[in-house]
Amino acid sequence: MAKLDSKIPEGPIENKWSNYKSKQNLVNPANKRKLDIIVVGTGLAGASAAASLAEMGFKVKAFCYQDSPRRAHSIAAQGGINAAKNYPNDGDSVYRLFYDTVKGGDYRSREANVYRLAEVSNNIIDQCVAQGVPFAREYGGMLDNRSFGGALVSRTFYARGQTGQQLLLGAYQAQSRQTKLGNIEMYPREEVMNVVIIDEKARGVIVRDAITGKTKRYSAHAVVLATGGYGNVFFLSTMAMGSNVSAAWQAYKKGASFGNPSFVQIHPTCIPVHGEFQSKLTLMSESLRNDGRIWVPLHKEDAIRIQKGEIKPADIAEEGRDYYLERRYPAFGNLVPRDVASRAAKERCDAGFGVGTTGLAVFLDFKDAIERLGKDTIEAKYGNLFQMYEKISDENPYQTPMMIYPAIHYAMGGLWVDYELQTTIPGLFAIGEANFSDHGANRLGASALMQGLADGYFVLPYTIQNYLADEINTPRFPTDGEEFDKAEAETKEILGKLMAIQGKRSVDTFHKLLGKIMWENVGMARNKENLEKAILEIQKLRKEFWSDLFIPGKPEDLNPELQKATRVADFFELGELMARDALNREESCGGHFREEFQTKEGEALRNDKDFAYVAAWDFKGVDKAPVMTKEALKFEAIELKQRNYK
Amino acid sequence: MDLKLKIWRQKSASARGQFVNYEITDISPDSSFLEMLDVLNETLIKSGEEPVVYDHDCREGICGTCGVYVNGRPHGPDDLITACQLHMRKFNDGDTIVIEPWRARAFPVIKDLTVDRSAFDKLIQESGYVSVNTGNAPDANSTPIKKEKADLAMDAAACIGCGACVAACKNASAMLFVSAKVSHLALLPQGKIEAKNRASKMVAMMDALGFGNCTNTGACEAECPKGIKLTNISRLNREYYISALS
Ligand SMILES: Cc1cc2nc3c(=O)[nH]c(=O)nc-3n(C[C@H](O)[C@H](O)[C@H](O)COP(=O)(O)OP(=O)(O)OC[C@H]3O[C@@H](n4cnc5c(N)ncnc54)[C@H](O)[C@@H]3O)c2cc1C
Ligand code: SF4
Ligand code: FES
């Protein structure tokens, strides 16, 4: 699959999408009813796509691993969703949102896709309001906005601290309506384990029914993967426990290229790790940086006394505090992009100024905001987040500063897709966090919800028709062909192999070890030596996994250990690819920080001459090195510049 | 801390279940309730036994996947949280903790602590939405909405669909869940148009799915992790009677 055709339409950037739409092929209403589409995933991307496609008349089969489509991990998004409405009249525009996103992504995304994203952003807000999404409002009855990192305007719409929940419920309800109408068949608790390819086109999936443990086959004219991000390769992350890469990974193994796998986002404001038993990390929304000020003690002695519990944060006078983001980045202050904020926290903690018992935490302080705005205002804005913090940490953030530390949060990398959101396998599309497309090397806050819904409501339902227009003469086909036999046999073989190992160690034991290798070597700071070491360590651990894993119970039963094992098996292979991708990219950009490539001030040093490309990897065998193809990134609308938030 | 656990184990929907006793040691008070179960499961796996099966996903109180009775209370002894947000510091060293799946006719047990809540999806499919297609929405600010109303709608929309209200109710009624959706949408101009119809259809569906009647005991409100209020039920009743009259 050497050739990557990004299919960027002709014309100036602001006309590309309308040019595309006016020329693309469409499917007429009578034919839509004859075409089946499989949508894997019911998060913002999957649910919005399934609902919109079904409304148009296509027949949709939708899958999720949870017991209900409403529980996809989009539900956990807190802070908000961006759009270029310019309601606050602060100078926002489609162009500015486009520019901020490309710049925030450290110039490693495709201009044309990002422009389209900014262009449809306003339609998303209109659509959601029409569905009854209860966005926050001002006293005059108009929608309220807040600001997020990496932007100088207020363009983030929100529903308290539960924006993802409300947007997802809107999409879920639209999907439920189509389910009732018979246009969507919904299959919860069915996990996609394999993609079926017939004559080089994606034609179906193999799933494992989590309740019965049996494998099943489904066919369709096109397959859409909306399976979310792969942050759980690090074991500890802000992802849901079940979030996984498996469907995307099987597609990769069947010939879909994987774009920029090493680009993951480390979110600066999460509750710090506090023990070995810990199973996940909790995010404190970035919106908190609007009103919270981040600091550590200015003097190392104070930091040490805080770590030992001898003094409290309140004992440190104003002069003894180092508001290091405000100090280093006066223009953006606490609102610098996530990658910058995360690295700055790590820098302070590594230098010995961290707080908390481990020294791996910084303060996020609301004292000034409470004095300025009053406790009630702060409670109205962040009440549920403060409650969540208190439940976990047993400390009251109204009285004492929160403690936060960076954690793995989002995958910018994912399946490579062209402008039509099609992977390198014809008929296989990828949307939402599962694709690599719009965020380059770093995603700005409140832009993932925007992208998921843009893809699902407004982009894919069009672009997929350009493909399906050639499929109108393909009749619905059965699932008893040899390709289905083969794909199901492959899946059964993997399940059988995993069950047969009967070794000594549990899945979690392996997953934690893998996570540790990833966090230490492929995490916030990377270098050649560590990446090379990580590749060998991952390979070694993967062999142990396949020879010493123990899964109790039966395969044909509700067996969570088997479910976890299939996911972790894929994480091992993904982890290795991430390390290889990070090794290849000899520059620092966005969330990818190679210690060898930094400025004197410790800022990321990009290398546009050699690395202004998307690295798209092709699978060649589990024990063989993958092959990388470059998609050169051309910047025509925006001038390539070193990012500056000072 | 050291604890005694009494956990409901049931091999399948049709199998007979029973309580099984376990002892567990050295649990950190800072760990969450589900992390405590993880530790138990790890020891069960080490001794070759099947771990306790329970549903969970986000582990931050928003997906609504988790949910068990802990010592007889849905989501356990702390108020306004889900089981995944419950922390072991709420218990004492040496405590006995009884853990059971939701018990309700409409939520049959699948295995151990896992139940089938698909009835909730069926309720939403029964017009728990605004009938609007993608693509032709007017500008979002074309209809101003009073902040107070929007806030009330948000209060109701915060329901996570966990099922604790049904589990807490002696009649296993889904009234709080249904009323939260009916209220959320009826409070907004976009949802108001279909409000009457929505209320009557969802209530009829609730009966059809085997949920019980609401006799206003208020147990649901007391156990709801998201603070969904009984006033939503009054609002639903209003919509329901209007629809019955018209
Ligand atoms: C805690 C948190 C807070 C966030 N806050 C914000 C925010 O404020 N603003 C913002 O813009 N972004 C935010 N994000 C990011 C954003 O929420 C996600 O990137 C986005 O919601 C992803 O949506 P999705 O539809 O791509 O995937 P998801 O919502 O993750 O959905 C994935 C779906 O795929 C299904 N699935 C996965 N694998 C399989 C399989 N093998 N078989 C069958 N089904 C499968 C799952 O069941 C699920 O339905 C946040 C993320 C987190 C974790
Ligand atoms: S009303 Fe409360 S208890 Fe009932 S499902 Fe919703 S959140 Fe859970
Ligand atoms: S696991 Fe999501 S609410 Fe408890």
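With a 4.5 Å cut-off on side-chain heavy atoms, B:Ile62 and A:Gln162 count as touching.
Atom CZ of residue A:Phe277 and atom CD of residue B:Glu35 lie 6.0 Å apart, to the nearest 0.5 angstrom. With rounding to the nearest 0.5 angstrom, the CD atom of A:Glu561 is 10.0 Å from the CD atom of B:Glu50.
Of the two parts of A:Thr238, only the backbone, made up of N, CA, C and O, holds a non-hydrogen atom closer than 4.5 Å to a non-hydrogen atom of chain B. For A:Gln166, the part lying under 4.5 angstrom from a heavy atom of chain B is the side chain only. Within the 4.5 angstrom heavy-atom criterion, only backbone atoms of B:Glu49 (N, CA, C, O) approach chain A. Proximity to chain A is limited to the side chain of B:Leu185, based on heavy atoms less than 4.5 angstrom apart. For A:Lys504, no part lies near chain B; criterion is any non-hydrogen pair under 4.5 Å. A:Ser68 touches chain B through backbone and side chain together, each having a heavy atom under 4.5 Å away.
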Item to check | Check against side chain to side chain contact (heavy atoms under 4.5 Å, CB included), A:Ser279 and B:Arg59 | outcome: CA-CA 9 Å; A:Ser279 58; B:Arg59 294 205 175 188; 2.8 Å; yes
Next on the checklist: A:Glu55 vs B:Thr134, test: side-chain hydrogen bond (donor to acceptor under 3.5 Å, both in side chains). Steps then yes/no.
Outcome noted: CA-CA 8 Å; A:Glu55 286 163 9; B:Thr134 304; 3.1 Å; yes
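Under a 4.0 Å N-O distance rule, the pair B:Asp121/A:Arg70 does not qualify as a salt bridge. Between B:Glu60 and A:Lys280, at least one side-chain nitrogen of the basic residue sits less than 4.0 Å from a carboxylate oxygen of the acidic one, meeting the salt-bridge criterion.
Per-residue counts of heavy-atom pairs under 4.5 Å with chain B were compared for A:Gly141, A:Ala51, A:Ser393; the largest is that of A:Gly141.
No side-chain N or O of A:Gln66 forms a donor-acceptor pair with one of B:Thr65 less than 3.5 Å apart.
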